[in-house]
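Quick note on labels: first sequence line is chain A, next is B, and so on, each numbered from 1.
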Protein chains: 2
Amino acid sequence: MKPPATMLVVGSVALDSVRTPYGAADEVLGGSASYFAHSAIHFGPVKIVAVVGEDFPAEHRARFEERGIDLSGLETAPGRTFRWRGEYTAELGHAHTLETQLNVFSSFHPRLGPQHRDCPCVFLANIDPDLQLEVLEQVRRPRLVLSDTMNYWIARKPDRVLEVLRRVDVALLNEEEARALAGETLLPRAADRLLDQGAKAVIIKQGEHGALYRDRESRYQTPAFPVEALRDPTGAGDSFAGGFLGWLARSGDSGGDGLCQALACGTTMASLAIEDFSPQRLVEVGRDEICERVRVLHHMVNFRLKPLF
Amino acid sequence: MKPPATMLVVGSVALDSVRTPYGAADEVLGGSASYFAHSAIHFGPVKIVAVVGEDFPAEHRARFEERGIDLSGLETAPGRTFRWRGEYTAELGHAHTLETQLNVFSSFHPRLGPQHRDCPCVFLANIDPDLQLEVLEQVRRPRLVLSDTMNYWIARKPDRVLEVLRRVDVALLNEEEARALAGETLLPRAADRLLDQGAKAVIIKQGEHGALYRDRESRYQTPAFPVEALRDPTGAGDSFAGGFLGWLARSGDSGGDGLCQALACGTTMASLAIEDFSPQRLVEVGRDEICERVRVLHHMVNFRLKPLF
């Protein structure tokens, strides 16, 4: 097997304060780039481009570095680190944002160094689509670009979100986002519509129901890994992205088998992320446990097809 | 291959009036036993035990008979046939019941003849759990019993619903019903709890997200077949039951491969049912189309698992 391709993530590194029915955490490590990186690093090299303030704790920086995550693109700007405060109710599907302090993030423009421009795999985490497009201007012929977004940008800059969708290889959305952007209630139709609008491939994240991949030729689906000890759903989507892109970077297989296994790796990493606050479980988990969850998912859906009639 | 085992369904035969965002139908054939039978008959012999009134249209009776469905257990009682009137809004997840006229159904007690008691496969469709238990008293050592229920009975007779769950081989519930009966929000925990309460196996129907099978040893999941032309979701669950039990009756394989393929057959038959009002599509569909949908589902989830690390 060839060595895994290097992954670049451009997104947020934040301090989160979160309350869920299962506990609370105060000013813990958060942000899309943090979850992605701690997930993807299990599969291959990861470089972060993001910004933090002068108050960003040295222990968080150390934790990235202990895991071998490249922080050469983590800018420190004058001011305070991006902060998010939210809570989840019993349904756990949706975060209720209590407070967002953009702080240093408000004037962030991603600056890629030469070590970033040639990364073959790129994750454009959920940031302003204009910033995502700035990143696309700076990278040089990446093999695979995955993007994420959120309702906030779909409501405010739908055209720019669609422009990103057209220019990446795979666009991640959750069900609500897919429906909103496509203007279709039925998911299969929403996926069709996004392809009609120029997306090459979409993944619709379905929370506890797994995730659906769709391109012009194929559809693939993974169930969610059955988590019994959910504590905090924050970061599930970015951890999914880390497992998905991670397996593609590691295996180099973007055929049907590769995409299916990438979906299973994605939902596995998401299942780990939500079992604790911050990316803690992603830091602690070992290869055996990741393998075991992917095996469970494979076993849940795979069968030998017999002729029906 | 051995001939398929005979299936018995005890449930309702009704006249439905339904309005959805995609159209409306007035006094069309409905009822759990009707959907189940028109679905299961593609896989093997089906006998119905149910009741209709003197006004039940001869054309509906003829349609069952043309498909080879055994109506020797379809009682005609003095009075009017059970009627249901409902509508679905844009979300299509949930029917809003406008009117239920039980009519002859209000005094129905299932009476099984000798030709019914020895059926190896039994579907206890959604009726009063006390009636479901009456059926279980009358059957002789069936090989496989599947049950369905609904929120109405879970709210009114939870103990009797649980008693049915304990006495059948597989209990069908939708997500809301599973959560309500188990008193757990998280689906994996709800399934655990139902097994703790004595169920041997449960299937949690998840609408457009497919269905989950769970017993003490195993979990299996099928995605939903991606329907683009939904017209009326009525009968999806009973059509699912017909495909699921149908494949088990036909293949005689209740191992992992058999259960997975049965889930795929279930969601395939459900996908057909919802493409038109009444069980019309189930009547018209041919074997090729059923096979093709099961193949699509198999292709969506099956992959060759590579070692991760």
Just verifying a value: how many Å separate [X] [atom1] and [Y] [atom2], rounded to the nearest 0.5 Å?
X	Y	atom1	atom2	result
Glu208(B)	Leu187(A)	CD	CG	4.5 Å
Arg304(A)	Asn302(B)	CZ	CG	11.0 Å
Cys260(A)	Lys306(B)	SG	NZ	12.0 Å

Evaluate whether atom NE2 of His298(A) has more than 12 neighbouring non-hydrogen atoms of other residues, nucleotides or ligands under 6.0 angstrom away.
yes

Taking everything shown except Arg19(A) itself, do over 12 heavy atoms lie less than 6.0 Å from its CZ?
no

So, does Asp257(B) use its side chain to make a donor-acceptor pair with the main chain of Phe303(A) at under 3.5 Å?
no

Ranked by heavy-atom pairs below 4.5 Å to chain A, first place among Pro4(B), Ala264(B), Pro226(B), Ala191(B) goes to Pro226(B)

Are any of the side-chain heavy atoms of [X] and [Y] separated by less than 4.5 Å?
X	Y	answer
Arg250(B)	Leu308(A)	no
Leu186(B)	Glu228(A)	no
His209(A)	Glu175(B)	yes

Considering only heavy atoms, give the residues of residues 281-291 of chain A separated from chain B by less than 4.5 Å, sorted numerically, with 'none' for an empty result.
Arg287(A), Ile290(A), Cys291(A)

Which portion of Val296(B) sits near chain A, non-hydrogen atoms under 4.5 angstrom
neither

Checking heavy atoms, do the side chain of Ala229(B), its backbone, both or neither come under 4.5 Å from chain A?
backbone

Quick one: which residue pairs count as a side chain to side chain donor-acceptor pair (under 3.5 Å) with a foot in residues 187-202 of chain A, not counting sequence neighbours?
Asp192(A)-Arg214(A)

For residues 262-274 of chain A, which residue pairs pass the side chain to side chain donor-acceptor pair (under 3.5 Å) check, not counting sequence neighbours?
Ser271(A)-Arg293(A)

Sub-4.5 Å heavy-atom contacts with chain A: which residues of residues 215-223 of chain B show up?
Arg219(B), Tyr220(B), Gln221(B), Pro223(B)

Test log, rule side-chain contact (heavy atoms from CB on, under 4.5 Å), inputs Met300(A) and Leu212(B)
CA-CA 9 Å; Met300(A) 278 173 73; Leu212(B) 168 76; 4.2 Å; yes

Part of Pro307(A) lying under 4.5 Å from any heavy atom of chain B:
backbone

Where on Gln261(A) is there a heavy atom nearer than 4.5 Å to chain B: the side chain, the backbone, both, or neither?
both

